[in-house]
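Read through the structure below, which is laid out as structure tokens, and then see the notes.
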There are 2 protein chains.
Amino acid sequence: MPQEDRRTRRTRRLLRDALVALVLERGYAGITVEDITERADLGRATFYSHYTDKDALLSQIVADLQAELDSRLEPLLRAPSVGFSGKPILEMFRHAAEERDAYRVILRGEGDGRALREFMEARSAAAAMVFGHRARAMEVTPRIDIDVLARAWVGEQVAVLRWWLEAEPQPLSAEAVTHMLLELSLRGRYWANGFDGEPPTASGEGSPD
Amino acid sequence: MPQEDRRTRRTRRLLRDALVALVLERGYAGITVEDITERADLGRATFYSHYTDKDALLSQIVADLQAELDSRLEPLLRAPSVGFSGKPILEMFRHAAEERDAYRVILRGEGDGRALREFMEARSAAAAMVFGHRARAMEVTPRIDIDVLARAWVGEQVAVLRWWLEAEPQPLSAEAVTHMLLELSLRGRYWANGFDGEPPTASGEGSPD
DNA sequence: ATGTTTTTAAACATGCTGTCCACTATTAAT
DNA sequence: ATTAATAGTGGACAGCATGTTTAAAAACAT
């Protein structure tokens, strides 16, 4: 005894897939409700018996995806050395690869960036919490403002993830790219042994140029 | 002998300001051409004698801003130690502070993220060029893929810039926040003296969790 | 003062929206 | 297999935004 009618499940899935496919083809602003129902092979009236408008459908898609990602991440975020293992980022990249098209819609900023903003805000909040918790646990004042740190870390992930999802063909494995990301975030692009160029002149700032 | 009629200059500026203000209030999708002309106190027909539609106006705004930023950045990008001084990032943050509202519109992803994508793509291309040039000049193979590096660096900047521009009141000075950003990018959040938490267990990856 | 360019209101056809209706098809449960 | 409930459908509707065109008025440069 399924709680949901088989028809509604089918309809919602069809609408979801149609929206995602069409947005990738023509952009969110370029498609109408009728375009969606036509692609899904459904009557236009059916759309409105499930969602109030295009935005509501997109919101639902994003909410479902976030919930799925959160449930996948939840166990990983309880581990003691979060932020050093790279497991959560890897898990996010894997999830994104599985739901590639939906992620592309979100990361492109379709829907006037609302979905992307919400996505990044959720990730940033989680990151800030982890960073803050660790700082308190070790009784240490972080060198860098925690809000800046969290935004930067998430911005990095999201920008690289978008590039990675849009690249054709995938140039790097999820493992390789997340490893680079973690490596970069932990140690920076300048490394003591000079792998990535010369060091800044002094101990901090104020180089000649 | 001004090259442009005084009226067209005035009209374009009014339309530009009206669009930016309204987008911040109601979102790009939530405003009509008539809303814009009403706010600008102009006839609706006037709009169409300057731009084909809302998108064209937004594109123009973004193009103007990019051109202004590029001309400001150009001299800084010729300096030998670019990427270590932090001057270009600081200049970008200053420019953004001056044109705060327009930047907010872009960075929020209004217009289905097109403006933001173009902005980031332009910055990433510039960054990749600098990184690539330096790697070749020093005859060194960068530890991290240059495309990943460029996207990560730009993603970091943009995410923090957005947070900084939206924060009320401004919690950090442009100098302070860009210094953190550069610091973070060069040396990472983990630092040999353990400022930001424990080091990863081994020399690289593969921690217990 | 004059010829040029810009701004304007009004009217128009077109297309999308969101709602409603009566009707049909599918479903889950008996 | 029958049935009662629920979901899907096509059609019609008013409302609204779009983008174009017109002829007249206003602002402009010289």
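First the proteins, then the strands, lettered A, B, ... as listed; each starts at 1.
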Self-check item: Pairs flagged by salt bridge (charged side-chain N to carboxylate O under 4.0 Å, His left out) wherever residues 45-56 of chain A is involved - sequence neighbours left out
Solution: none

Is the phosphate of [N] approached by [X] (side-chain N or O, under 4.0 Å from OP1 or OP2)?
X	N	value
T11(A)	dG8(D)	yes
Y48(A)	dG18(C)	yes
T8(A)	dA7(D)	no
H50(A)	dG8(D)	yes

Self-check item: Pair R16(A) + D64(A): basic N to acidic O under 4.0 Å
Solution: no

Quiz item: Are the charged groups of E98(B) and R94(B) less than 4.0 angstrom apart, N to O?
Solution: no

Whole-Å distance separating the [atom1] atom of [X] from the [atom2] atom of [N]:
X	N	atom1	atom2	value
D35(A)	dG15(C)	CG	P	13 Å
L14(B)	dT7(C)	CG	P	10 Å
D5(A)	dA25(C)	CG	C1'	11 Å
D41(A)	dT9(D)	CG	P	8 Å
Y51(A)	dT17(C)	OH	P	17 Å
L15(A)	dT9(D)	CG	P	10 Å
K54(A)	dG18(C)	NZ	P	9 Å
D55(B)	dT18(D)	CG	C1'	13 Å

Quiz item: Can you say whether the rings of H95(A) and Y103(A) are parallel (under 30°), tilted (30 to 60°) or perpendicular (over 60°)?
Solution: perpendicular

Salt bridge (Lys or Arg N to Asp or Glu O under 4.0 Å) with [X]: which residues, sequence neighbours excluded?
X	value
D145(B)	none
E25(A)	R39(A)
D101(B)	R104(B)

Would you be so kind as to tabulate the donor-acceptor pairs closer than 3.5 Å made by side chains of residues 113-120 of chain B, with sequence neighbours excluded?
| unit_1 | atom_1 | unit_2 | atom_2 | d |
| --- | --- | --- | --- | --- |
| R114(B) | NH2 | S59(B) | OG | 2.4 |
| R117(B) | NH1 | R108(A) | O | 2.6 |
| R117(B) | NH1 | D112(B) | O | 3.3 |

Self-check item: Most 5' of L42(A) and E34(B) on DNA chain D, judged by nearest nucleotide
Solution: L42(A)

Quiz item: What about R7(B): does its side chain form a donor-acceptor pair under 3.5 Å with the base of dT5(C)?
Solution: yes

Quiz item: On a plain distance test, is the side chain of R44(A) in donor-acceptor contact with the base of dG8(D) below 3.5 Å?
Solution: no

Quiz item: When the C1' atoms of the five terminal pairs at each end define the local axes, what inter-axis angle does the helix from dA1(C)-dT30(D) to dT30(C)-dA1(D) show, to 10 degrees?
Solution: 50°

Quiz prompt | Among dT18(D), dT9(D), dT7(C), the nucleotide that comes nearest once only the side chain of S49(B) is considered | solution = dT7(C)

Quiz item: Across the strands shown, which category fits T32(B) at heavy-atom distances under 4.0 angstrom: base, sugar-phosphate, nothing?
Solution: sugar-phosphate

Quiz item: For DNA chain C, whose closest nucleotide is more 5', that of A45(B) or that of A45(A)?
Solution: A45(B)

